[in-house]
Amino acid sequence: MQSIRTLTALAAVVLLVTAGPAPAFALSPDEHAHSSVEVDASAQSTFAQTDDSASGSFGSGDITVTRGDEVTFTVSHSGPANVTIGGPNNGFNLRIHLGGSGSSEITIDTYATNKNASEFVDGGSPELLSGKLSKPLEPADYFMNVSVGGDERDVTTLTVEPRGEMSAESLIAPSTVSPPASSSGKEGDADLGDLGGVLSSDNRLAPGEYAVMKVHESSLETSLNAEALSGNDASNGIKLNVTQTNPGPNRDPREYVATADPEANVTVLPQFEQDTVYFVLDTSKLPVQKQSEWNKYKMRLALTEENSLVDEDTVVAETAFQLDKPKVTLSPVNDSVHYPWDPDTFTVRGTTTRAPNTTLEVRLRSPKPDAFLLIEDATVDANREYEATFDLSDVTRGVNATLWTEDVRSGDQFFLKTAQEVSLVAPNASVRFENQSSDGAQVSLSHVEVPEGGFVRIHDAKGNGVGRSDYLAPGRYENVSAELSLPLYNEQTLRAELVTDDGDEAYSENDTEYRRSDWVVNDTARIEFGAPPTETPTTQTQTATPTPTPTPTPTATPYPVQTEEPLEPSGESTGTGIPLSPAVAVVALLAAAGLLVRRTEGEKDE
């Protein structure tokens, strides 16, 4: 009996040694804890034959992925190793054998788990222990471990999260840029190229511009096929279509499917690192109707029944946009007449239905006498406005030029809608001096034009300077006053000359005259002044004094000064020419007779 017990024990030991330890990948953590095979610690150390120098670990902590996306992780191992994911309890059990030693990268596509392990696992030698799944890997926590030499060295958790809600926003881009080629994102995020710098948040655009649907995606990372978006099996059940929202009475809405219809020419640019995909629609082939309401469209991204993430057709993102006929306006900021005293720059502004960041060309052209063509680029801003500034410092003056806007990159011609004439006035220094009456303190110039600034100087008939104006900045003036430096009287002719300024805006006799055809720019006028003031005679009163004085001498009475020329003497008489009255003549004769009698008596006494 004792021998029988001994043989039985030996047989049990032989069976344990032959079977070896149960593989870790075949058991869940609970199954490890409740294994029906019980071996004490001494037996394990005796029969496991483990290598204490073996090592294996996952490169990070717990691993998370959204259902339908790819997940990549790294495993370090000192020798051949096995990575086990899941177990019988969650219906998914995957083992990946890693040969050699070092660091191995493993990528799992959680969307394609209905295929062979080698089709959804990249890295190592995968083996699906639980069989194919009918759908993408369900959301759950999956136990993971790595074993080296049959000994478990590290554990972690793979968390598959549910697919999130998708959303979209509407953007537009000008026709002046070209998007890069489509990408499915398998080789990394797509480069938006020049498109990235010109996108603007809007949904109104002109034909030929780009309607962009920016989708904040979830679970499209591995199923998106940029070459097929028709919703069939080749498209992995992803569909993008463009549908007219208001076709008008008795009409079916137009519908175009991306990558299938030429009207829906879509470029796909995924950036999965940001969970974003840009669907860029070239609208150049979409028809434009007369009624604006008929030009409204929607872009819809849907998952069909061919996509195993949904059970029925589901719209996951949608945006709307409207096509507007291209329109452009243009006008000078100040005036269509540009004067010599205006700045050398000439600025124009306009509005348009073109998308922001569109580059337009604004042109100014004159055919003669010295032809010129000026071209300036103008960028449409967020308010659909644009501006251009021309430098006129070297262009011909005294001509009319044509101003208009073009969109040469899109081929649209706006000449007939924006063309207008701009007058580039030549310098024309001039002064107009009208006949007038003056108060003697100032005169008035009816018109003055000073291309470079200056003064009006007033001369009398003898060429003497008798007055001037204040400084006049470059420009054209009416009714300019010139102060007289001394009072003038009577009617006389004055001359107004236009003189330049040397830059200090202060008058100097050395300031030179404006000349035209080598003649001084001037004008003359007959000015009527008032008569000179008349001096009133003053009567001096003789005050009697008590002191006797000699016989007083009469004080001369001043006479007013006359401005008329003196009269010439009448006849050939050399006298004063002043006739005497009869009374004065009789007194004179009596005085003469008395003087004769005294003179005769005196002679007799001698």
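- The two residues S219 and L309 make their nearest non-hydrogen contact at OG-CD1, 3.2 Å.
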Stepwise side chain to side chain contact (heavy atoms under 4.5 Å, CB included) check, F279 with V212: CA-CA 6 Å; F279 296 94; V212 181; over 6 Å; no

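- Of all non-hydrogen atoms in T267 and P179, the two that sit nearest each other are OG1-CG, 4.1 Å.
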Show every donor-acceptor pair shorter than 3.5 Å between a side-chain atom in residues 249-259 and any protein atom, with sequence neighbours excluded, or say none if there are none.
residue : atom : partner : partner atom : Å
R251    : NH1  : P249    : O            : 3.4
E255    : OE2  : N241    : ND2          : 2.6
T259    : OG1  : L229    : N            : 3.1

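- Side-chain polar atoms of K285 and N265 form no donor-acceptor pair below 3.5 angstrom.
- Looking at H97 and E127, their side chains never bring a donor and an acceptor atom within 3.5 Å of each other.
- Within the 4.5 Å cutoff, side-chain heavy atoms of T347 are placed close to those of E387.
- In this structure, a donor-acceptor pair under 3.5 Å is absent between the side chains of S101 and S78.
- Under a 3.5 Å cut-off, the side chain of T352 and the backbone N or O of K327 do form a donor-acceptor pair.
- A 4.5 Å side-chain heavy-atom check between P270 and S184 finds every atom pair outside the cut-off.
- Checked by atom type and distance alone, the side chain of T276 pairs as donor or acceptor with a backbone atom of Q274 at under 3.5 Å.
- Atom CG of D194 sits in a sparse spot, with 12 or fewer heavy atoms from other residues, nucleotides or ligands closer than 6.0 Å.
- Within the 4.5 Å cutoff, the side chain of P356 has heavy atoms near those of the I172 side chain.
- Donor-acceptor pairing under 3.5 Å is lacking for the side chains of S200 and D202.
- The closest side-chain heavy-atom distance from V348 to F390 is below 4.5 Å.
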Step-by-step side chain to side chain contact (heavy atoms under 4.5 Å, CB included) determination, D324 to L205: CA-CA 6 Å; D324 290 326; L205 66 163; over 6 Å; no

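- Using modelled atom types, one finds a donor on one side chain and an acceptor on the other under 3.5 Å when comparing E169 with H216.
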Mind running side chain to side chain contact (heavy atoms under 4.5 Å, CB included) on L392 and L364 for me, showing each step along the way? CA-CA 10 Å; L392 303 180; L364 185 66; 3.9 Å; yes

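- Shown here for S183 and G188, the closest heavy-atom pair between the two residues is OG-O, 4.4 Å.
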Between S134 and N114, does the side chain to side chain donor-acceptor pair (under 3.5 Å) criterion hold? Intermediate values first, please. CA-CA 5 Å; S134 61; N114 60 343; over 6 Å; no

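- The two atoms that bring M299 and F321 nearest to each other are CG-CE2, 3.7 Å, heavy atoms only.
- K296 has a carboxylate O that lies under 4.0 Å from a charged side-chain N of E293, or vice versa, which qualifies the two as a salt bridge.
- Of the residues L269, L301, V268, the one that meets the side-chain contact (heavy atoms from CB on, under 4.5 Å) test with V277 is V268.
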Before giving the answer on side chain to side chain donor-acceptor pair (under 3.5 Å), spell out for D391 and S393 the whole-Å C-alpha distance, their side-chain angles and the decisive distance to 0.1 Å. CA-CA 6 Å; D391 183 357; S393 58; 2.9 Å; yes

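- In the model, T402 has a side-chain atom that pairs as donor or acceptor with a side-chain atom of E421 under 3.5 Å.
- No side-chain heavy atom of V242 sits less than 4.5 Å from a side-chain heavy atom of E263.
- A side-chain donor-acceptor contact under 3.5 Å links T110 to the backbone of G68.
- Among all heavy-atom pairs drawn from F272 and E217, the shortest one is CD2-OE2, 3.6 Å.
- Remark: the D313 side chain and the T304 side chain contain no N/O donor-acceptor pair separated by less than 3.5 Å.
- For E452, the CD atom is loosely surrounded, since the number of other residues' heavy atoms within 6.0 Å does not exceed 12.
- Checked by atom type and distance alone, the side chain of T405 never pairs as donor or acceptor with a backbone atom of T329 at under 3.5 Å.
- The shortest distance between side-chain heavy atoms of T389 and F346 does not fall below 4.5 Å.
- Each of V83, I96, D154 was compared with V75 under the side-chain contact (heavy atoms from CB on, under 4.5 Å) criterion, and only V83 meets it.
- Around atom CD of E312, no more than 12 heavy atoms belonging to other residues, nucleotides or ligands sit under 6.0 Å away.
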Determine, step by step, whether F58 and T74 satisfy the side chain to side chain contact (heavy atoms under 4.5 Å, CB included) criterion, reporting the C-alpha distance in whole Å, the side-chain angles of both residues, the deciding distance to 0.1 Å, and the verdict. CA-CA 6 Å; F58 294 102; T74 302; over 6 Å; no

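- Side-chain N/O atoms of N82 and S147 include no donor and acceptor closer than 3.5 Å.
- A side-chain donor from one of S230 and N232 sits under 3.5 Å from a side-chain acceptor of the other.
- In summary, the side chains of S423 and H338 do not present any donor paired with an acceptor at a separation below 3.5 Å, with no hydrogens or angles considered.
- With respect to the salt-bridge test (charged N to carboxylate O, under 4.0 angstrom), the residues R397 and D370 do not qualify.
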Worked verdict on E138 versus R67 for salt bridge (Lys or Arg N to Asp or Glu O under 4.0 Å): CA-CA 7 Å; E138 292 283 354; R67 185 190 187 201; 3.6 Å; yes

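- In this structure, S218 contributes its side chain and G164 its backbone to a donor-acceptor pair below 3.5 Å.
- Side-chain polar atoms of T107 and T72 form a donor-acceptor pair below 3.5 angstrom.
- Taking 4.5 Å as the limit, every side-chain heavy atom of P451 sits out of range of all side-chain heavy atoms of P474.
- Under the ring pair (Phe, Tyr, Trp, His ring centres under 6.0 Å) criterion, no residue pair touches residues 172-215, with sequence neighbours excluded.
- Screening V362, D381, T351 for a side-chain contact (heavy atoms from CB on, under 4.5 Å) with Y386, the sole residue that qualifies is V362.
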When you look at N428 and E449, which way does the side chain to side chain donor-acceptor pair (under 3.5 Å) test go after all the steps? CA-CA 7 Å; N428 184 31; E449 187 171 321; 4.5 Å; no

For a salt bridge (Lys or Arg N to Asp or Glu O under 4.0 Å) check, start with the C-alpha distance between E406 and R363, then their side-chain angles and the critical distance, and finish with the verdict. CA-CA 8 Å; E406 281 192 358; R363 300 188 172 199; 3.7 Å; yes

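- N225 places a side-chain N or O within donor-acceptor distance of the main-chain N or O of E227, the cut-off being under 3.5 Å.
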Side chain to side chain donor-acceptor pair (under 3.5 Å) assessment of T359 paired with D377: CA-CA 6 Å; T359 301; D377 285 343; over 6 Å; no

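- Side-chain atoms of T353 come within 3.5 Å of backbone N or O of K325 as a donor-acceptor pair.
- When side chains are defined from C-beta on, N93 does not count as touching I85, because their heavy atoms never get closer than 4.5 Å.
- Judged purely by atom type and a 3.5 angstrom limit, E105 has no side-chain atom pairing as donor or acceptor with the backbone of F73.
- The environment of D394 atom CG is sparse: at most 12 non-hydrogen atoms of other residues, nucleotides or ligands sit within 6.0 angstrom.
- Between the side chain of N383 and the main chain of E385, no donor-acceptor pair closer than 3.5 Å is present.
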